[in-house]
Amino acid sequence: MKLTCKYLGSCRGCPLGHLDIDEQRRLKKNKLIESLNRALPAEMIKNAVYDFVFPVFDRYRTRCDFIYSDGKLGWVDQDKKFLPIDECPLHVSELTSFASFVSKLPWPVKRGSMRLRVSPAGTRGIWLDLANLDIKEILSNSSVLNDLFDAGVIVEMGQKGKRVERVGDVYKLIEPSPYPWFKTEVDGKPADLNSLISSFTQTSPELNLQMIQHLKSFLADRKFTDMVEFGSGAGNFTLFLASYASTINVIENDNRNLIPLRQNIHQFGLQNKIYIFESVGSFFKNNKASAGLYFVNPARSGVGALFDQAVPAESIIYVSCHLESFLSDVAKLGSQGFKLINVTLFDQFPHADHFEILSFLELTP
Ligand SMILES: C[S@@+](CC[C@H](N)C(=O)[O-])C[C@H]1O[C@@H](n2cnc3c(N)ncnc32)[C@H](O)[C@@H]1O
């Protein structure tokens, strides 16, 4: 089975899209195994249990970061030129029809970044990450906002993800307002995850719930007094981890994630269990470093200095979408005595050349 897409060859999104899906999966599997063997000491991986999960082929993404340019939505191609995209086979159909609606609006700007999202309940949202002058223009020349609001679309604007509010005929910016744009798990059941349109979320609520099931299989019936989580985002994994810990110290540094994170903690009554630190520095100053489990899900750059000193934990779960930073971070753990117990390739990026890695490490004598 192969992907059908008229943009293959020019679009950067699916570099493996020209290959049969079974061939893609074989390549990814081999890449993970060979990279681990090359980068990590044999002793560290010799008992690791591998799993390969390929949960999806197409039509699964519920959000997309577009560039708007002169009446078209698209993104940058392999030659760094603007590539208008009418339809992407990875997007759910609601996202495709929403993008078509947005591209036809009478935008008073020539070019800018727009993130489009569709919630599990079908609500549509747009984040206009535009220059201040363009934001002013859209707020004062209200025709585009009238069309968006009349169609029930939720609008955020600017770097801070401020919500746009309609008051009579006038539009104004108010504080960022989280909304259930995503799904996670709380107390063993699927639950709404509040986020901003501009917050980080995984690629698809359904795949996210599957990933959580897989992570739960690593934890089995373990319980921890203290847990540390690095890169919580809006609390996607924090909320399911709350069932496994008495206390979770969370490190997250982006305000567009911290705002919904605080709301989610409050909504689920977890204020006496989950404590937030806005930087690794402030976390270490509070002497909370020692924990039964470190759960890390960093950005592509990896965990930074967090693993430079001995990690005071018995177990670590490392979730990564970037193989190279995963390998260099995990190599540091190898020299501290951690061993890989489980490694799962969870492919939430079909047709791309990367994949999600779910891993479980334990400190062994
Ligand atoms: C891949 S996202 C994961 C978010 C979340 N776990 C989820 O599943 O939605 C990585 C997160 O790490 C956060 N992050 C990146 N660098 C950080 C740092 N130096 N300190 C704290 N958080 C950081 C980002 O803001 C982002 O929320």
Side-chain angles (χ1 to χ4, degrees), residues 62-68 73 94-95 98-99 101-184 191-202 205 232-236 238-239 250 252-271 274 276 278:
T62 57
R63 69 165 162 91
C64 181
D65 291 332
F66 286 105
I67 297 169
Y68 171 82
L73 288 178
E94 295 85 350
L95 186 58
F98 183 29
F101 167 75
V102 166
S103 65
K104 293 190 183 94
L105 296 176
W107 292 99
V109 300
K110 282 189 81 61
R111 198 174 166 102
S113 302
M114 300 182 179
R115 173 177 294 175
L116 273 55
R117 258 190 203 283
V118 181
S119 82
T123 307
R124 296 172 300 167
I126 185 166
W127 171 38
L128 304 170
D129 186 15
L130 304 173
N132 282 346
L133 277 177
D134 289 337
I135 289 179
K136 264 194 181 158
E137 180 60 29
I138 290 172
L139 286 169
S140 58
N141 160 3
S142 39
S143 58
V144 170
L145 289 175
N146 285 340
D147 289 347
L148 287 167
F149 272 68
D150 290 349
V153 176
I154 293 179
V155 185
E156 282 176 15
M157 279 189 181
Q159 274 291 298
K160 292 186 175 157
K162 287 198 169 179
R163 175 72 78 84
V164 180
E165 190 177 63
R166 174 151 70 177
V167 187
D169 294 339
V170 177
Y171 292 94
K172 60 174 191 169
L173 291 179
I174 59 166
E175 286 309 301
S177 310
Y179 181 86
W181 291 113
F182 212 67
K183 285 257 178 240
T184 186
D192 287 337
L193 181 75
N194 296 300
S195 77
L196 302 180
I197 302 166
S198 50
S199 303
F200 175 90
T201 58
Q202 304 288 343
S232 67
N236 176 35
T238 325
L239 295 179
V250 167
E252 169 58 52
N253 70 352
D254 183 337
N255 216 30
R256 291 193 301 254
N257 299 324
L258 285 162
I259 291 168
L261 173 65
R262 288 192 189 100
Q263 181 170 321
N264 287 321
I265 291 172
H266 198 262
Q267 180 168 321
F268 290 103
L270 296 166
Q271 313 78 303
I274 301 173
I276 300 174
E278 296 188 20

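With hydrogens and angles disregarded, a donor-acceptor distance shorter than 3.5 Å links the side chain of Glu252 to the backbone of Asp254. Side chain of Glu94 to backbone of Val118: no donor-acceptor contact under 3.5 angstrom is found. Not one N or O on the side chain of Glu165 forms a donor-acceptor pair closer than 3.5 Å with the backbone of Lys172. Side chain of Arg115 to backbone of Arg63: no donor-acceptor contact under 3.5 angstrom is found. Judged purely by atom type and a 3.5 angstrom limit, Asn257 uses its side chain to pair as donor or acceptor with the backbone of Phe200. Under a 3.5 Å cut-off, the side chain of Asn194 and the backbone N or O of Pro260 do not form any donor-acceptor pair.
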Hey, mind stepping through Leu73 and Leu116 against side-chain contact (heavy atoms from CB on, under 4.5 Å) and telling me if it holds? CA-CA 11 Å; Leu73 288 178; Leu116 273 55; 4.2 Å; yes
Just do the side-chain contact (heavy atoms from CB on, under 4.5 Å) check on Ile265 and Thr238 with the steps written out, would you? CA-CA 9 Å; Ile265 291 172; Thr238 325; 5.6 Å; no
Check the pair Ile126, Ile197 against side-chain contact (heavy atoms from CB on, under 4.5 Å), reporting the backbone distance first and the verdict last. CA-CA 7 Å; Ile126 185 166; Ile197 302 166; 5.7 Å; no
Candidate pair Glu175 and Lys162, rule side-chain contact (heavy atoms from CB on, under 4.5 Å), full reasoning: CA-CA 5 Å; Glu175 286 309 301; Lys162 287 198 169 179; 4.2 Å; yes
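Thr123 and Tyr179 form a side-chain donor-acceptor contact under 3.5 Å, judged by distance and modelled atom types alone. Side-chain contact of Thr201 with Arg117: a donor-acceptor pair under 3.5 Å is present, judged by distance alone.
Contact between Val153 and Gly125 at its shortest, heavy atoms only, is CG1-CA, 4.1 Å. Taking both residues in full, the closest heavy atoms of Ile259 and Pro178 are given as CG2-CG, 4.0 Å, listed atom of the first, atom of the second, then distance. Summarising the geometry of Lys160 relative to Pro176, their closest heavy-atom pair is O-CG, 3.4 Å, with the distance given to 0.1 Å.
In this structure Phe98 satisfies the ring pair (Phe, Tyr, Trp, His ring centres under 6.0 Å) test with no other residue, sequence neighbours excluded. Considering only residues two or more places apart in sequence or on other chains, Arg262 meets the salt bridge (Lys or Arg N to Asp or Glu O under 4.0 Å) condition with Glu278. In this view, Tyr171 and Phe149 satisfy the ring pair (Phe, Tyr, Trp, His ring centres under 6.0 Å) rule, not counting sequence neighbours. With sequence neighbours left out, Ser142 forms a side-chain hydrogen bond (donor to acceptor under 3.5 Å, both in side chains) with no residue at all.
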What side-chain donor-acceptor pairs closer than 3.5 Å can you find for residues 102-111, not counting sequence neighbours?
{"unit_1": "Ser103", "atom_1": "OG", "unit_2": "Ala99", "atom_2": "O", "d": "3.4"}
{"unit_1": "Ser103", "atom_1": "OG", "unit_2": "Ser100", "atom_2": "O", "d": "2.9"}
{"unit_1": "Lys104", "atom_1": "NZ", "unit_2": "Ser100", "atom_2": "OG", "d": "2.8"}
{"unit_1": "Trp107", "atom_1": "NE1", "unit_2": "Val102", "atom_2": "O", "d": "2.8"}
{"unit_1": "Lys110", "atom_1": "NZ", "unit_2": "Asp70", "atom_2": "OD1", "d": "3.1"}
{"unit_1": "Arg111", "atom_1": "NH1", "unit_2": "Ser69", "atom_2": "OG", "d": "3.3"}

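For the pair Leu193 and Lys183, the minimum side-chain heavy-atom distance is 4.5 Å or more.
The list of salt bridge (Lys or Arg N to Asp or Glu O under 4.0 Å) pairs with a residue in residues 118-137, not counting sequence neighbours, is empty.
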